[in-house]
Visitor: 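What follows is a single structure, and I will ask about it in a moment.
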Amino acid sequence: MCGRYTHTGDPVRSARQLKAENQIQNWRPRYNIAPTQSAPVVLLEGGRVLRSLLWGLRHNQAFSASGLLINARSESVATKPRFKNLLLQQRCLVPADGFFEWQWSGRRRSPVRFTLRDGPLFYMAGLWDWQAEPGAAAPVRAFVILTTEANDLVARVHDRMPVIVPEERCAEWLEDAPVKGWDSFWRPFPAERMDAYLAHAVVNSPTTDAPECIQSLGPLPEVNPAGEQTEFGF
DNA sequence: CCAGACGTTGTT
DNA sequence: GTCTGG
DNA sequence: CCAGACGTTGTT
DNA sequence: GTCTGG
């Protein structure tokens, strides 16, 4: 998962918080960032910089021309040929203030927006790579977002969620060798420090990028209206 | 060395 | 193409 | 992730 | 159904 997210705040603030040099000239609030679009990412380039990168890596072009990788499973990222070197060399942080998962309600999917109680801004773990783009003179950077097992809150909607790097570990993720091992980064962000609400269906369209995408339509229903049963439900 | 695999999600 | 497995 | 398209030949 | 585009 994590196929959409928001970054409605000033990216300059994201950069300032991480002491990154801001390289983004023009920005606007983003209420619905979708794969293939550009979004701000913090990476190392000498020092830390905030740059606009494309969301989605093509997997090995010689092997297959099609297919966009927007996520990478944290559990396997250290061994996958496409990602293992990026994990060692090209980690990045993806600033966000919310992400969407889609919940089945009868026959329709409803978007659910997840936010952090700590404060609006958070950072998702990402990997970046150079990528040739049709029509571009030189390769450009593109990124994927790492995913992990869902915590108890997100699990009400979906079984995966983005890897969220706590602010106090951002430096470690970006610059250091894995001091405590990679696995410690993959732990799902605590459910009790997150909120969730039903969002408007305008989010469904990847080209809609308007404030109503983050309007709350109310709390998550306790039970999936589709009547989801637990595996052992009686 | 060669052979064979090579990605993610979800499948409401 | 490039990496892993045998 | 969801939305939306989804074909070929030959054509003045 | 399956693929592409955003």
Side-chain angles (χ1 to χ4, degrees), chain A residues 1-7 28 30-39 52-90 94 96 98-114 124-136 139-140 142-150 154-163 186 196 198-210 212-214 220-221 223-231 233:
Chain A
M1 196 345 93
C2 200
R4 302 289 181 82
Y5 69 97
T6 64
H7 187 201
R28 61 190 166 93
R30 295 299 309 276
Y31 303 96
N32 191 8
I33 299 170
T36 71
Q37 299 176 351
S38 294
S52 197
L53 269 63
L54 288 175
W55 185 9
L57 291 176
R58 278 187 285 280
H59 61 276
N60 195 321
Q61 213 165 353
F63 167 61
S64 168
S66 66
L68 199 64
L69 309 172
I70 63 173
N71 297 130
R73 292 178 69 91
S74 58
E75 298 92 332
S76 58
V77 72
T79 56
K80 293 295 182 184
R82 184 70 180 88
F83 297 127
K84 57 184 288 187
N85 292 333
L86 303 183
L87 179 66
L88 297 175
Q89 307 279 341
Q90 290 170 189
V94 183
F99 65 90
F100 295 105
E101 306 286 356
W102 275 261
Q103 178 175 48
W104 284 102
S105 317
R107 290 185 182 178
R108 300 193 174 178
R109 293 254 238 185
S110 302
V112 175
R113 184 167 183 252
F114 293 90
M124 301 184 286
L127 304 175
W128 68 273
D129 199 4
W130 292 103
Q131 182 156 281
E133 285 296 313
V140 299
F143 70 97
V144 294
I145 296 171
L146 300 190
T147 64
T148 189
E149 175 190 0
V154 179
R156 290 164 60 181
V157 176
H158 190 62
D159 63 351
R160 306 289 297 172
M161 64 181 279
V163 172
W186 309 156
L198 290 172
H200 197 282
V202 294
V203 177
N204 291 359
S205 173
T207 54
T208 301
D209 188 3
E212 51 185 334
C213 291
I214 64 168
L220 279 191
V223 176
N224 186 328
E228 188 173 278
Q229 297 278 323
T230 67
E231 188 177 354

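It should be emphasised that the depicted structure is a prediction, and the values quoted were computed from it without experimental measurement. Only this structure's heavy atoms are used, side chains among them; waters, hydrogens and symmetry mates stay out. Numbers restart at 1 for each chain; the letters A, B, ... are given by sequence-line order, proteins then strands.
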Visitor: For the pair made of CG in A:D129 and C1' in B:dG7, what is the distance, rounded to whole Å?
Guide: 14 Å
Visitor: Is there a side-chain polar atom (N or O) of A:R160 under 4.0 Å from OP1 or OP2 of B:dT9?
Guide: yes
Visitor: Apply side chain to side chain donor-acceptor pair (under 3.5 Å) to A:E75 and list each qualifying residue two or more places apart in sequence or on a separate chain.
Guide: A:R160
Visitor: How many Å lie between CZ on A:F100 and P on D:dA3, as a whole number?
Guide: 13 Å
Visitor: Which listed nucleotide (C:dT4, D:dC1, B:dG7) is nearest to the side chain of A:I70?
Guide: D:dC1
Visitor: Tell me the stems DNA chain B sits in, counting at least three consecutive Watson-Crick or G-U wobble pairs, each under 3.5 Å on both distances.
Guide: B:1-6 with C:1-6
Visitor: Nearest to the side chain of A:R109, which nucleotide is it out of B:dG7, B:dT9, B:dT11?
Guide: B:dT11
Visitor: Taking the C1' atom in each of B:dT8 and D:dC2, what is the distance between them to the nearest angstrom?
Guide: 15 Å
Visitor: Answer with base, sugar-phosphate or nothing: what part of the nucleic acid does A:S205 contact at a heavy-atom distance below 4.0 Å?
Guide: sugar-phosphate
Visitor: What is the separation between atom CH2 on A:W55 and atom P on D:dC2, rounded to the nearest whole Å?
Guide: 11 Å
Visitor: Which whole-number value in Å describes the distance from A:Q103 CD to D:dC1 C1'?
Guide: 15 Å
Visitor: Report the nucleotide, chosen from B:dT9, D:dC2, B:dT8, that has the shortest atom-to-atom distance to any side-chain atom of A:S76.
Guide: B:dT8
Visitor: What's the CZ-C1' distance between A:R4 and E:dG6, to the nearest Å?
Guide: 8 Å
Visitor: Decide if atom CD of A:Q89 counts as having more than 12 heavy atoms of other residues, nucleotides or ligands within a radius under 6.0 Å.
Guide: no
Visitor: Pick base, sugar-phosphate or nothing for A:P81, based on heavy-atom distances below 4.0 Å to the nucleic acid.
Guide: sugar-phosphate
Visitor: So does A:K84 get a side-chain nitrogen or oxygen closer than 4.0 Å to the phosphate oxygens (OP1/OP2) of C:dT4?
Guide: yes
Visitor: Could you check which of B:dG7, C:dC3, D:dC1 has an atom nearest any side-chain atom of A:N85?
Guide: C:dC3
Visitor: Among residues at least two apart in sequence or on other chains, which ones pass side chain to side chain donor-acceptor pair (under 3.5 Å) with A:T208?
Guide: none
Visitor: In whole Å, what separates the P atom of D:dC1 from that of B:dT12?
Guide: 14 Å
Visitor: Which one, E:dG6, D:dC1, B:dT8, comes nearest to the side chain of A:N71?
Guide: B:dT8
Visitor: Can you label the angle between the A:F143 ring and the A:W55 ring as parallel, tilted or perpendicular, going by 30° and 60°?
Guide: parallel
Visitor: Carefully, step by step, assess A:R30 and A:Q37 under the rule side-chain hydrogen bond (donor to acceptor under 3.5 Å, both in side chains).
Guide: CA-CA 11 Å; A:R30 295 299 309 276; A:Q37 299 176 351; 2.6 Å; yes
Visitor: By the 4.0 Å heavy-atom rule, please label A:F83 as base, sugar-phosphate, or nothing.
Guide: sugar-phosphate
Visitor: Any idea how A:W128 and A:W130 line up, ring-wise: parallel (<30°), tilted (30 to 60°), or perpendicular (>60°)?
Guide: perpendicular
Visitor: Say we look at D:dG10 and E:dT2: how far apart would their C1' atoms be, to the nearest angstrom?
Guide: 28 Å
Visitor: Taking CD1 from A:I33 and P from E:dG5, how many angstroms apart are they, rounded to a whole number?
Guide: 21 Å
Visitor: Among B:dT9, E:dG6, D:dC1, which nucleotide sits nearest the side chain of A:Q37?
Guide: E:dG6
Visitor: Quick one: closest heavy-atom pair of A:I70 and A:C2, and the distance?
Guide: CD1-O, 4.2 Å
Visitor: Show your reasoning for whether side chain to side chain contact (heavy atoms under 4.5 Å, CB included) applies to A:L146 and A:M124.
Guide: CA-CA 8 Å; A:L146 300 190; A:M124 301 184 286; over 6 Å; no
Visitor: Provide the distance between the two P atoms, one in D:dT9 and one in E:dG1, to the nearest whole Å.
Guide: 28 Å
Visitor: Does A:R82 put a side-chain nitrogen or oxygen below 4.0 Å from OP1 or OP2 of C:dG1?
Guide: no
